[in-house]
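Everything below concerns the one structure shown next.
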Amino acid sequence: MDAPQLAFKERAAAALADGALKIAIERTTGNAERKRAAAVAAFPEFEAARARGKAIKDHVIAHLDHYLEMFERNATAAGAQVHWAADDAEARAIVTRICLDAKARIVTRSKSMLGEEIGLPHALADAGIERVETDLAEHIIQLAGERPSHIVWPAMHRTREQVAQLFMSGHDPAPAADDPATMVQSARRILRAKFLGADVGISGANFLVADTGATCTVTNEGNAELTTTPPRIHIVTAGIEKLVPSTAHAFALLRLLVRSATGGEMTQYTTFHHGPKRAGDADGPEEKHIVLVDNGRTRMLGDEFRAMLRCIRCGACMNHCVVYRQIGGHAYGGTYPGPMGAVLTPVLDGLAQSRDLAHACTMNGRCAEVCPVGIPLPTLLRAWRRRSWRERLEPGSVRAGLGLWAMVARRPRLYRLASRIGVRALRLMGRRGWVRSLPLAKGWTAYRDMPRPSGRTFMEQYRAEQAGRRTPE
């Protein structure tokens with residue numbers, strides 16, 4: 001029972017001790033936070049758009065079966081082949097079978113967290129197929145042999161200096177200099193040949209448009225278009241919750257997605273892919289396959305985590321999360337990091353393996369405040385905590401400690417006495433205004449100091465202040 005908790009603590013400890021990681025995270029999340037705030041301030045209709053986005057997602061979730069059938073019917077009519085995958089293993093099998101049947105040697109891939117969720121990179125490698133990540137950040141982490149640490153900026157954990165080292169050792173020829181422009185040119189040179197030589201292109205989908213059967217990709221680099229257009233076969237992998245009723249509904253959500261993710265009004269490339277190449281088309285794939293993945297999503301429809309199916313994968317919750325901004329994405333241990341990952345990972349990997357994630361949260365509510373579709377993330381995290389307690393997954397030491405606290409809290413006099421003793425003891429431990437170490441609670445002070453308390457409890461200070469305000473009669 002304690003193994004997952006220890007694993008998370010070890011990952012978090014390693015992240016907290018990594019000075020370069022903190023610099024890399026703060027550079028990007030701080031910038032993202034400022035840009036989102038500016039974008040929202042410049043969009044007076046944001047709250048109304050947010051309410052509409054929430055209503056659209058809730059409507060689709062309530063009528064998911066109807067829109068799934070409509071999407072399959074219209075996508076098939078447009079010439080696409082629709083496949084259904086109940087779980088990650090079935091999704092991997094479908095994609096690899098299509099690639100092997102096509103005798104694919106090289107597969108290009110546009111960034112897709114669903115692909116990471118189902119383990120597609122490893123499946124392609126096991127099938128002997130060369131996988132080429134075409135998103136610049138995904139290219140970086142492929143060179144490093146890592147997983148994404150953020151759903152929008154997968155290489156957020158890497159500084160420019162570290163990226164330069166990867167390019168110098170991984171590109172042939174190596175870039176002539178380590179400035180961003182030169183490194184981008186080097187990546188373009190490496191990837192261009194792969195774009196033109198790929199047999200299959202694999203993408204995700206930001207939206208699945210039910211009334212047309214189209215799939216929508218949203219990028220800022222144009223790599224998705226180069227992944228989906230030149231190869232003979234285009235494969236889309238998407239979760240079933242990505243459905244929207246129409247193109248108009250997709251654009252309503254796009255207004256929220258882009259502002260929340262990058263602080264822009266619209267991405268550079270927003271493309272709706274409608275079937276394979278038709279007679280008279282100048283380009284496009286000869287075949288289009290759409291793999292619709294469940295992998296626990298229908299199970300969420302019937303439990304307290306249903307609201308999580310609204311998620312449009314903008315990353316705003318992690319950009320504003322005080323925990324994520326200290327430890328980064330890899331410490332979470334799953335496909336999805338941050339607050340949304342702390343809710344989704346137990347669905348995908350099981351609560352016993354990931355119960356610690358729900359506790360890696362201060363419950364300050366910032367994630368819910370910035371969510372563009374109003375997902376009550378703290379409420380969902382508390383639901384996982386309750387379920388973990390009911391299933392007796394908490395370590396014995398935690399259960400004993402909470403039992404002791406509950407016993408004291410139910411006795412007001414004893415609670416006030418313990419509080420007075422505790423706050424005075426903390427004051428004695430402090431030096432020069434700070435408490436640098438706490439017996440039996442070293443996790444609180446291992447990477448930060450606590451302010452030395454005043455020596456009186458809050459209620460003692462409140463009563464003293466009230467007494468001072470009274471005017472004698």
List the steps, then state whether side-chain hydrogen bond (donor to acceptor under 3.5 Å, both in side chains) holds for Glu146 with His157.
CA-CA 10 Å; Glu146 297 172 333; His157 58 288; 2.6 Å; yes
Is the centre of the Phe71 ring less than 6.0 Å from the centre of the His66 ring?
no
Regarding Asn31 and Thr28, do their side chains bring together a donor and an acceptor under 3.5 Å, going by distance alone?
no
If you apply the rule side-chain contact (heavy atoms from CB on, under 4.5 Å), what do you find for Lys242 with Leu292, and how did you get there?
CA-CA 10 Å; Lys242 292 297 185 77; Leu292 299 176; over 6 Å; no
Quiz question: by atom type and distance under 3.5 Å, do the side chains of Glu72 and Trp84 form a donor-acceptor pair?
yes
Could you check whether any side-chain heavy atom of Pro121 comes within less than 4.5 Å of a side-chain heavy atom of Glu116, counting everything from C-beta outward?
yes
Salt bridge or not for Glu33 and Lys35, using N-O below 4.0 Å?
no
Cut-off 3.5 Å, side chains only: do Thr217 and Thr271 have a donor facing an acceptor?
no
Taking NZ, NE, NH1 and NH2 as the nitrogens, is one of them in Glu241 or Arg297 under 4.0 Å from a carboxylate oxygen of the other?
yes
Here the gap from Leu64 atom CG to His59 atom NE2, rounded to the nearest 0.5 Å, amounts to 11.0 Å
For Thr215 and Lys288, run side-chain hydrogen bond (donor to acceptor under 3.5 Å, both in side chains): C-alpha distance rounded to whole Å, both residues' side-chain angles, the deciding distance at 0.1 Å, then the answer.
CA-CA 11 Å; Thr215 59; Lys288 180 178 180 180; 2.9 Å; yes
Check this for me, if you would: do Arg355 and Glu391 make a salt bridge, where the nitrogen-to-carboxylate-oxygen distance has to be below 4.0 angstrom?
no
Testing Val209, Asp211, Ile56 for side-chain contact (heavy atoms from CB on, under 4.5 Å) with Pro245, which one passes?
Ile56
Are Cys99 and Ile235 close enough that some pair of their side-chain heavy atoms sits under 4.5 Å apart?
yes
Do the charged groups of Arg299 and Asp303 touch, with an N to O distance under 4.0 Å?
no
For His234, run the ring-ring contact (aromatic ring centres under 6.0 Å, His included) check against His274, His273, His289 and tell me which one passes.
His273
Got a sec, which pairs hit side-chain hydrogen bond (donor to acceptor under 3.5 Å, both in side chains) with one end in residues 328-347, sequence neighbours left out?
Glu117-Tyr336, Arg147-Thr335
Under 4.0 Å between a Lys/Arg side-chain N and an Asp/Glu carboxylate O for Arg232 and Glu287?
no
Before you tell me yes or no, could you show the steps for His359 and Glu394 under side-chain hydrogen bond (donor to acceptor under 3.5 Å, both in side chains), namely the whole-Å CA-CA distance, both residues' side-chain angles and the distance that decides it to 0.1 Å?
CA-CA 11 Å; His359 296 275; Glu394 306 297 327; 3.3 Å; yes
Residues two or more places apart in sequence or in another chain: which of them pass salt bridge (Lys or Arg N to Asp or Glu O under 4.0 Å) with Arg36?
none
Salt bridge or not between Glu133 and Lys111? Use side-chain N to carboxylate O under 4.0 Å.
no
Salt-bridged, Asp58 to Arg310, with N to O below 4.0 Å?
yes
Apply ring-ring contact (aromatic ring centres under 6.0 Å, His included) to Phe251 and Phe272, showing your working.
CA-CA 11 Å; Phe251 273 99; Phe272 291 85; 5.6 Å; yes
Would you check if there is a donor-acceptor pair between the side chains of Asn223 and His139 at a distance under 3.5 Å?
no
Are Lys22 and Asp18 ion-paired here, with the side-chain N under 4.0 Å from a carboxylate O?
no
